[in-house]
Every structure is written in C-alpha cells, then in structure tokens.
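A, B, ... follow the sequence lines: proteins, then strands. Residue 1 opens every chain. Values reported hereafter were calculated over all heavy atoms of this structure, with side chains retained and with hydrogens, waters and symmetry mates removed.
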Amino acid sequence: MSTITYQAPLDPEGMVQTPQRPWRHKPRSFTMAVALAVVIPAVISAALFFFSPIPGAIVLTVIYFPLQLVASGIAAWATRGVRGIADSIIIVNAIGSTVFSVVVLLSLLGSLVVRGLRALSPHFIYQNSVFINPSTPLEYGGIGHALVGTILIVAIASLIAVPIGIATAVYITEVRGKAVPYVRFFVQAMSGVPSVVAGLFILTIAVSTGWFSQNALAGGLAYAILMLPTVARTAEEVLKLIPDELRTGALALGSTRARTVMRVVLPAAKTGIITAILLGIARVIGETAPLLLAAGNNDGTVINPFGQAIASIPVYIFNNVAVPYPDAVARAWGAALALMILIAVLFTLARVLGRGRVGRAK
Amino acid sequence: MSTAEFEEVAMMESDLISARKQAPSELRAENVSVWFGKRKVLENVNIDFPKNTVTALIGPSGCGKSTFIRTLNRLHELIPSAALAGSVLYEGKDIYSSDVDPVHIRLQIGMVFQKPNPFPSMTIRGNVLSGLKLSGMKRDNHDDIVEHTLTAAGLWTEVKERLNHAAGDLSGGQQQRLVIARALAVQPSVLLMDEPCSALDPASTLKIEETIRQLSKEVTIVIVTHNMQQAVRVADNTAFFLAQEGEPGHIVEQGLTTDIFGQPQDQRTLDYVNGRFG
C-alpha cells in the first residue's frame, strides 16, 4: 500500500497558498467616499465649534449628526445606489448611539474620578467622622463608618430579599400554583414602590411605633422592600430559560419536585440567579431616602445592627454635597467614588464565586 | 455483520423468545384514552408489556406514541391541560390510583427522552449518579455503577479519562448515551425510550440497540421509534399506532414484530411498514 503525503495545494503561478480575505477588498472609490463622508462633517462641525459662538452641544446634535447622516447617505448613494442609503442611515445611527452612550458613561465615571480622587486616601477609607465638621481639612476623617453601615444594611437586605425573591420566582416558574397571576401582579406593583415610600413605611410601622429605633435593621428592611421585586422578577426570567427537558428528566429519575428545583433547576440557573442578586443590590445600594428615614445617620462607627442610628454612604454624600465648604464637597465625591469601587469589587467577587466547579474542558 | 444478516439473526432470536411473550405482563395499559384540554388524542389503547421483552411503538408523527409512553410513568400529568381515562397496571396495580406516589412509579419505570437532557451543572460522573441523589437512593459502589452503566450505554471507553468534565462538553450522541446510562443507574425494572436514537449517528445507534438487547434480559423496554429497521432489530413485539385526520390516535395492530412486519393483517399496517405512507 502506498502512502500519500499531504502537499499544500498550489495556485496557478505555482506559489504556496496563503490565507486571504477577499471579502475585505473594496474598490478605491468606496474607500474615498467613506473617508470623505467621515472627514467633511467632522471638519465643518469642528470649524463651527472653534470659530463661531454656537455652543458645542448644539453643534454636535443639530449640525454634526444630521450632517453625518446626509454625508453618509450621499456616499452610500454614490457607491451603492439607492439601496445603500437606508443601510447607511441605520449604520450611522447604530454607531452614533453606541458612541453617545459610551461617552456619557465614561464622562460620568471620569467626573467621579476627577472630583473624588482628591479626597481619596487610606485614612479616608477606614476613619470615621467623629469630631469632623464640614470645615475640617481633608487630612482628617473618613467614610469608614458609612462603608460599614452600607455593607451591613445591604447584607441585611440581601439576607431578607434574596431568599424570598428566589422563592417567589420558584413559586411562579416551578410550583406554578393557582395564585401565580396574583403573585406576579403584586411583585410588579411592588417594583413600582418609590424608595421614599419604602422608607416611610418602615418608619411608620417600626420606628414611630417604638418597636425599634432607627438602625441598620430598619434600613435593611426598607432596602429589602425595594430589592425583593428586582430579585424575584430577574430570577423568574432566568428560571423560565431553563428548558423543561431538565425538569422532566429529573422527575423521570424518581426525583421529587423539591429535589428537582434544588439540585437541577437552581444549579443550572446559577449564573443567572447571581445576576438577579447583583441587580437587586445595584438597585438599592445608592438609595438615599429610605436610609434617611429608617436608618438615620451617625458620625461614629456602629456595628450592632439592632443598635442606634447608623451611617451609610448615600446619606454621607447627601449631607456633605450641599454644604458651602469645598472640603466637604470633596468628601462627598470621594464617598461616591468609593461606592462605585465597592460595587465593582462586589460584582467581580460574585462573578468569580459564581464560576463554579463544573467548568468547560481545559 | 451486514444489516440483512443482522436482521435475520434478530428474526431468529425473536422466534426463540416468542415463548417469552406468554410471560406474566409487568406493565399493561387498559382502555387508556388521553385528552389535552377538550381534544382527545388517544382512544382505547390496550396493550401488554410482558416482563423482560422489548416492545416497539411505531406509527406516523402525531399519532400519540410519545403521549402514550408518557402516561406509562405518570409524566403525562405534568402538562396542565392533560386528562386521562382507563388504567395503567404495573405489577397488577393501577399506577393512577390515589394511594400511589408518582415519584415511586417513576423510579421503577425510567425514561430516556428524544432530546438529550444531561444536567448542565453536573459532571459526566455526576450525571450518571444524579438519579441516585435525586431519588435519595443509597449505594456505596458508585465507581462500579458509573463504569457499568456507561459501558452498557456504549460510552465508557470514550469518557473514562474525563469523568469529571462538564457533561455539556460531550457531543449530542454522547450526551444521549450519557442520559441512557443515567436512567440505568437507578436500576429501573421498566425503561421507556422515546425515540432514543433520533439524534444519533448509525454507529451510536447500533451501540444503543446492542444495549437494548442486552438490557432486555433484565428490564422491560418500551421504545418509540420512527426507524422500521430498528423496530425489527430490537423489538419482540410491535404496536402500530395511527391517527386518522382529526381523530384520536389508536392502535391499529399489535403482535409479534415478525408478524407485524411479515404478515400484517391490516392494509394500513402493510402500507406503513413498507414505507408507502407516513
């Protein structure tokens, strides 16, 4: 038997073939048209921005964007005919909207970093604000007490809202009882509760009645009211995506309903459930009104959730941002930046933990 | 062995075991009718599944075979609009009587589905053993169970090096053999298979069919299939289901596989097994 050795196929000139991407080759006229369509509106807008009194925002929205649309349309029409025009409008819109939203997000983060960085320092993270007043220079005091408070309050809210929220989602998608439409309706209605109302509710039923004072538990309860519908609805959407074949498969193996949910459905939905929890936390962590009413404020560090009033980052920001002392305002921005970093850390941590044992093959 | 030879041997084999058809029936459907909402989809199905035999359910799509097989281990009732009349007797007792726990029934009457459904959160090994965990069975020899059932399902040599990999990494055909191993691990006495080979390549299909023949020494098997040759190769008995336009499905003819394919009594059976419709 003869063996056949593999030989690279030769093209007509006898050259060894190299990988090509022929679909990327465009005629020179096309490249020119695209370049002109990009450059001309940009140059006109830049000229107007620098040499005319028209404000930049107006140049961008009223002049640059329509101009870009028209220029791309003409370029498309010249190179590809009438059919190209609609195409170019959609492409310009898609790219424009993406750039716009990214710019908004980046400028938000940028302004936070620029203004917050001045206050940020190690002692700002761990010191509390006892003996600190708005005129105290930035070398003293910090948000340690508020960080502890926010973490404590969010932890309490999560302990309450996450189990109830997931249980609600399980009721809707797995138990499928008779009350599903009503439960859905109430969850939906609950997600419309304004945060200040949640705070007022806890204030009136728990704090004003003397049941317990303004503290981390009261703040956590108010947060839980806001968190619950987000967790429940997101978890419901996630559980709906789990194919029914898994449930029937488990039941066909002699599994009970409860075991099916605990050992098959929820583990299969793990990443989604973690997303639901994160969205719940993200929903509440910056809420100020409920904590002003239910948790109060404190300059010192409080650890006991059942104790006295407790500080939190949103309330700290609220109290510092509107005073006529630059250092206090800087502290507020620093606290806002710290809150963003805290959220980023929390989310990264949850994602890493959520990766789980059963990974893809290496 | 060529297909023709294989069929010949299978024929001879089924002649030999035709005596076994007289064995006491393990599972038996009596006057089973099924509805979804107001629509009746199955009418008066009477069929016997003798112990340790393979019964093939054949018939065109939409004639109620899959619906029927799901009534045999009480998966039918999971569909909210489902209704049922008649009775299904397992070891002489109606599985739909009010004192019977469906979980208990499903443990003894296992099922393999048309679409492979391994649990994505578990490893290959975890999937095989999932039935034990989910049903709360206690067994010590987990390694033996894993090896034995995966061998029976024709998957052992392909996965023995990576039992701790995610089940989702397997190909479709491998996943199907994995769920067959999973169904075997709880040692059911009846195994229902709803078109188990429709997603498999010919080589895997042959492995599964060998597995079915092997298993039929200890397990009663009911298999829905669209593949006539498969029915001939694996089944002792065959039942032909048919649903006329707008009418509920029913059994047109049933009996020994050799009779159904060799000398069918009904013209429609003859047409169907010869591929003239459906």
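The list of salt bridge (charged side-chain N to carboxylate O under 4.0 Å, His left out) pairs with a residue in residues 127-143 of chain B, not counting sequence neighbours, reads B:Arg125-B:Asp143. The list of salt bridge (charged side-chain N to carboxylate O under 4.0 Å, His left out) pairs with a residue in residues 186-198 of chain B, not counting sequence neighbours, is empty. Screening residues 62-87 of chain B for ring-ring contact (aromatic ring centres under 6.0 Å, His included) gives B:Phe36-B:His76, B:Phe68-B:Phe241 as the qualifying pairs, with residues at least two apart or on separate chains.
Only the backbone of B:Pro118 has a heavy atom closer than 4.5 Å to any heavy atom of chain A. Contact of B:Phe119 with chain A is made through backbone and side chain together, with heavy-atom distances under 4.5 Å. When heavy atoms are compared at a cutoff of 4.5 Å, B:Arg182 approaches chain A by way of both its backbone and its side chain. Using a 4.5 Å cut-off between heavy atoms, A:Arg257 touches chain B through its side chain atoms alone.
A pairwise comparison of heavy atoms in A:Ala252 and B:Asn73 identifies CB-ND2, 4.4 Å as the closest pair. Scanning both residues, B:Arg70 and A:Thr248, for their nearest heavy atoms gives NH2-CG2, 3.5 Å. Of all non-hydrogen atoms in A:Leu246 and B:Pro120, the two that sit nearest each other are CD1-CD, 3.6 Å.
Residue A:Arg263 holds its CZ atom at 11.0 Å from OG of B:Ser121, rounded to the nearest 0.5 Å. Going from atom CG of B:Asn117 over to atom CZ of A:Arg247 covers 12.0 Å, rounded to the nearest 0.5 Å.
Listed by sequence position, B:Val103, B:Arg106, B:Leu107 are the residues of residues 90-107 of chain B in contact with chain A, using a 4.5 angstrom heavy-atom cutoff.
The neighbour count for B:Ile79 CD1, taken as heavy atoms of other residues, nucleotides or ligands under 6.0 Å away, is above 12. Other residues, nucleotides and ligands contribute at most 12 non-hydrogen atoms within 6.0 Å of the CE atom of A:Met340. The local environment of NE2 in B:His148 is sparse, with at most 12 non-hydrogen atoms from other residues, nucleotides or ligands closer than 6.0 Å.
Among A:Arg176, A:Glu245, A:Arg259, the residue with the largest count of heavy-atom pairs under 4.5 Å with chain B is A:Arg259.
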